[in-house]
Visitor: 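My structure is below; once you've seen it, I'll send some questions.
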Protein chains: 8
Amino acid sequence: MKAKVSIIMGSTSDLPVMEKAAKVLNDFKIPFEINALSAHRTPEEVEKFAKGAFDRGIKAIIAGAGMAAHLPGVIAAMTPIPVIGVPINASLDGMDALLSIAQMPPGIPVATVGINGAMNAGILAGQILAIGDSELQKNVIAFKESLKEKMVKANEELASIKYEFKTN
Amino acid sequence: MKAKVSIIMGSTSDLPVMEKAAKVLNDFKIPFEINALSAHRTPEEVEKFAKGAFDRGIKAIIAGAGMAAHLPGVIAAMTPIPVIGVPINASLDGMDALLSIAQMPPGIPVATVGINGAMNAGILAGQILAIGDSELQKNVIAFKESLKEKMVKANEELASIKYEFKTN
Amino acid sequence: MKAKVSIIMGSTSDLPVMEKAAKVLNDFKIPFEINALSAHRTPEEVEKFAKGAFDRGIKAIIAGAGMAAHLPGVIAAMTPIPVIGVPINASLDGMDALLSIAQMPPGIPVATVGINGAMNAGILAGQILAIGDSELQKNVIAFKESLKEKMVKANEELASIKYEFKTN
Amino acid sequence: MKAKVSIIMGSTSDLPVMEKAAKVLNDFKIPFEINALSAHRTPEEVEKFAKGAFDRGIKAIIAGAGMAAHLPGVIAAMTPIPVIGVPINASLDGMDALLSIAQMPPGIPVATVGINGAMNAGILAGQILAIGDSELQKNVIAFKESLKEKMVKANEELASIKYEFKTN
Amino acid sequence: MKAKVSIIMGSTSDLPVMEKAAKVLNDFKIPFEINALSAHRTPEEVEKFAKGAFDRGIKAIIAGAGMAAHLPGVIAAMTPIPVIGVPINASLDGMDALLSIAQMPPGIPVATVGINGAMNAGILAGQILAIGDSELQKNVIAFKESLKEKMVKANEELASIKYEFKTN
Amino acid sequence: MKAKVSIIMGSTSDLPVMEKAAKVLNDFKIPFEINALSAHRTPEEVEKFAKGAFDRGIKAIIAGAGMAAHLPGVIAAMTPIPVIGVPINASLDGMDALLSIAQMPPGIPVATVGINGAMNAGILAGQILAIGDSELQKNVIAFKESLKEKMVKANEELASIKYEFKTN
Amino acid sequence: MKAKVSIIMGSTSDLPVMEKAAKVLNDFKIPFEINALSAHRTPEEVEKFAKGAFDRGIKAIIAGAGMAAHLPGVIAAMTPIPVIGVPINASLDGMDALLSIAQMPPGIPVATVGINGAMNAGILAGQILAIGDSELQKNVIAFKESLKEKMVKANEELASIKYEFKTN
Amino acid sequence: MKAKVSIIMGSTSDLPVMEKAAKVLNDFKIPFEINALSAHRTPEEVEKFAKGAFDRGIKAIIAGAGMAAHLPGVIAAMTPIPVIGVPINASLDGMDALLSIAQMPPGIPVATVGINGAMNAGILAGQILAIGDSELQKNVIAFKESLKEKMVKANEELASIKYEFKTN
């Protein structure tokens, strides 16, 4: 089994957030790998990773980082593979990470999701890979459909609330 | 020729920004379409578009919007296709649009690029489509390589600046 | 008893905030309903709800949402009924939700209250319905009058604080 | 003809923004008045206005103000009539006005629209008055319908753009 | 004993912050009063208070408020007495209150201190009253001098920290 | 004629803003002086000024500064005289200056006015000096009264605007 | 042993943050001192310190401060020694301190590190002193090298996470 | 003549800002070089530059960048030389660049100056190099002294302003 998506984080302290991406990929049955890399601590490892990813068959990279979050952009600079950036809230409510990831200069896009939005990063990776994989596409469509279930349960819960003038 | 990427904007006032995405797709030789849709003015059209895009063969959607920028998220809710959101600076330096697009709830990602970053949206669409298209992949790699040329020119320009204590 | 106001939220996690609107409406003796709808998880339900609300006799809609809070604006796009938006603090102190709700483009207003301001949303709905309902108008006026009582109690409490140079 | 909506502003420098509300009300054939009042310069006039508005038959008040924008909230404190607040961009991109208007304490809501959103304030007033006025309701519905026309024109304009790989 | 400074707050929930102003005034032996008033709940009481303060011999007013903090500005509009505004952190880290108090329009200043800065408000009132009161002036100067003592203690504490390469 | 108020600025580029304070003081017939001092360029001059101001009979100091605006706080640290700080918009819409001036630590208040609010600084100085000067107090009260005139003119201007459904 | 770096803080409440700088300097075997000084409480001491530091052989100053953080800039104004500023998070997530330290006017730089970034301040001081000290330079290079170790451990930890579709 | 300071920028559009650093270095008679490098367009060149700088005798690096400004941090990760970061205002008033440069993670400091603060970056480089260069130290001290001259001129200019109640 060869990884198709690579999840990267700068520190294991980001794992509680980033593991949500792993869970989604696993549910989608997409082979993936998880590695710790740091744009600042191990730049050579980042370079080796980024430049080799395409030839290793990686189709999408999910990179999470906090504060001055350079990791997603630095990886994006060294690979043609789409890079999904997850701003981690480590300071300033995550606003520094959001801007450090989203505001990339012309030429090197990072597909940015919301602050701590690793679950969405996993889904987005699934949507991207599904373009050329009709089996996975079914999973993605089924997943989207399943989102409605939470609302059914929510409505059941709301139905149980009682007020004199509540009509439903 | 059938469109593979769909560029959507809420108003022709966004065209000067969004046309940069069109130009990139054209350079990548990716067939694309451009349409105006509004999450608020024409919600039915948005729904029809979003639900039909997959069957029409669209592989990625680029949606730009300003202010309370709901268009990318609303489209993303109704299609399995990856949606790339471009926050347009129409007020508050574009910060309202950036947050309205990036901060999507769990389940419905939007691949957000920087404020007014339509060129990067086009490149990202190219990177996504290139996953299953080795010809396009070459174009993407060549494009990435071409980014260096601007730096060569920049260095030539900087070389011509003269100061007594400048050494290069 | 037919509902005149409809309270909508995207998740039952918003219930502790949104229930304050329910309580106010109940105190005003305005029949209301509570439902969970999501602009992103159940867009078709949102559409059905928004388009049918007017014919069902709904006079005002209170919609709460957090993060990239599209729900109030999306509903407002599909009904002539006034929509009151409640930004929920789910991230960034609620600033993302405030901007996603308030900064609507020309043509589709959302009557935005403060962050987590569901009580005020209920009062505003009461004020709006009271325009054509003189009995309710009395309740609204009485409610406004009752706000002073809290200040009477506050002053009693402050009167009990002792300092050598405090004169009252 | 007696005014049903009252437009208030703190300074004639706000007129270019606030006149958009007047235009909408005029199009809706809703009688309205325009007055200048200042929470800080003429607090007695504000009080007289706010307390008398209900008895004069005013059904909704639109109040615009910039900077530390107290006018809408101060009026709302003295009347049961719904008050629509328009934050005017006079400094800090209008963020100070938005917060000064939207972040009202529990008990005294202001229906806040977007920064410089006077057109939306006029529409919202129309939606509120239409609750008890089926003739006006038709105008509101027709207005909402008319919003689509702008998109038709936008699509015509976009159709005229030519690229080699543009398909529509 | 007649109050020379009046401390005003909108809610007893602000008391833990505002009491720091009371403590300073007491230490300065300046007679003061504390009252609860709300620009929104009891506007008439605010007006009565503000208009009567000058004739009652009040020389400075300290007004604290949170969120859309109108109280200091509304009082300042109705009295020639200097008004010191204390932004209370009740939401958004107090940024909404800071802007709602500081950003007053030309003509009606509020002397704004930092967020939750009630102690400084008390000192500022002392400094203002000391202009015409040489006895109080001595207290103010002595207070300023006493601020150094905390630093002496801090240095003693820092002196006790041991590191191999720490020299002092 | 001895100066009672001292206006300080860090650069003559701040003069267009700060001169509004001078104009107000002149209208109030309060003797004043204007000097350029910089917390960073001429710290010794600042110290000499701040420590000598009280003995020279200065009753209030108005200090304007932009960016990391230290001048008002540094002066306040070295004098018992009340210091009024004017945040100048030199970058970031003046937000950096507002925070650098308002957010003073406990013990050393600066009476902060709005961004570029030098006119209000002048008025505030007048209000402070008027505490012990009944002649000046009359001027302050008259000034406050005169603020209403602008509203009379504004209403005349608004009265001249014509719409079919405008009633006044 | 004479101190080469001086760590300054405004309050012992900043010690838990600032001690990280001490630890780094100690690890680098750079002699240092720690003192408490306040731009506002003890301006004379600050001046004495700043003006004497150069002659005492201090090569770099690390100054931490929160809120309207004037200490680093005020010291920088009175010495030719490089000053490293550490914004302390005492309010507003530290944004006020960051702006008050970083946004210095032309002529008086402060080398600003991130919010609560005292460890980085210590490292930066080490890098600066290492310019003329080849022994220290080795320590700095070794320290940079050691940063990679944390990543090795992180990868070991990540390797132990198990998912069905995890490939590494 | 070998360069001791290296000025780096990501684009010649940053030259009008960054040239201020060059001018200061030239005035200090410090040999310097200017090059264009991009963390995203030419990552290999950045690596080659950063890793070779120390051996080439570079003592300090000044790196300017806008938006998601990764250049200074990426360079700092690959050299023991102190890196001075200049946030360039290219969007969001430069706030994105400030956060992307200042908020570096523990281990890799960047000495950040204010937005567009290239002149200060040049001075800071001078201060750092002066530690081991007594001739340069004299220049730095003389430069600091010269800052006062601007204030002398400013005061002359202010002295010429005439008001009836201006005393100086």
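First the proteins, then the strands, lettered A, B, ... as listed; each starts at 1.
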Visitor: Mind checking the CG-CG spacing from D96(A) to L98(H)? Nearest 0.5 Å is all I need.
Guide: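 One gets 10.0 Å once the value is rounded to the nearest 0.5 Å.
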Visitor: Of the backbone (N, CA, C, O) and the side chain (C-beta and beyond), which part of L92(H) lies under 4.5 Å from a heavy atom of chain A, both, or neither?
Guide: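 It is the side chain, since no backbone atom gets that close.
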Visitor: Mind ranking E44(A), H40(A), H70(A), E47(A) by heavy-atom pairs under 4.5 Å with chain H and telling me who comes out on top?
Guide: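 Looking at each of E44(A), H40(A), H70(A), E47(A) in turn, H70(A) comes out on top.
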Visitor: For chain H, which of P105(A), A39(A), A97(A) has the most heavy-atom pairs under 4.5 Å?
Guide: P105(A)
Visitor: Just checking K51(A): does its NZ atom have more than 12 heavy atoms from other residues, nucleotides or ligands closer to it than 6.0 angstrom?
Guide: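 Check passes, neighbour count above 12.
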Visitor: Which one of M67(A), M78(A), R41(A), Q103(A) has the most heavy-atom pairs closer than 4.5 Å to chain H?
Guide: Q103(A)
Visitor: Looking only at non-hydrogen atoms, find the nearest pair between A68(A) and S100(H) and report the distance.
Guide: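 Closest approach of A68(A) to S100(H): CB-O, 3.2 Å.
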Visitor: Which atoms of A69(H) are under 4.5 Å from chain A, going by heavy atoms: the side chain, the backbone, both sets, or neither?
Guide: backbone
Visitor: Does K4(A), at its NZ atom, have more than 12 non-hydrogen atoms belonging to other residues, nucleotides or ligands within less than 6.0 Å?
Guide: no
Visitor: List the atom of P43(A), the atom of A77(H), and the distance in Å for their closest heavy-atom pair.
Guide: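 Of all heavy-atom pairs spanning P43(A) and A77(H), the closest is CG-O, 4.0 Å.
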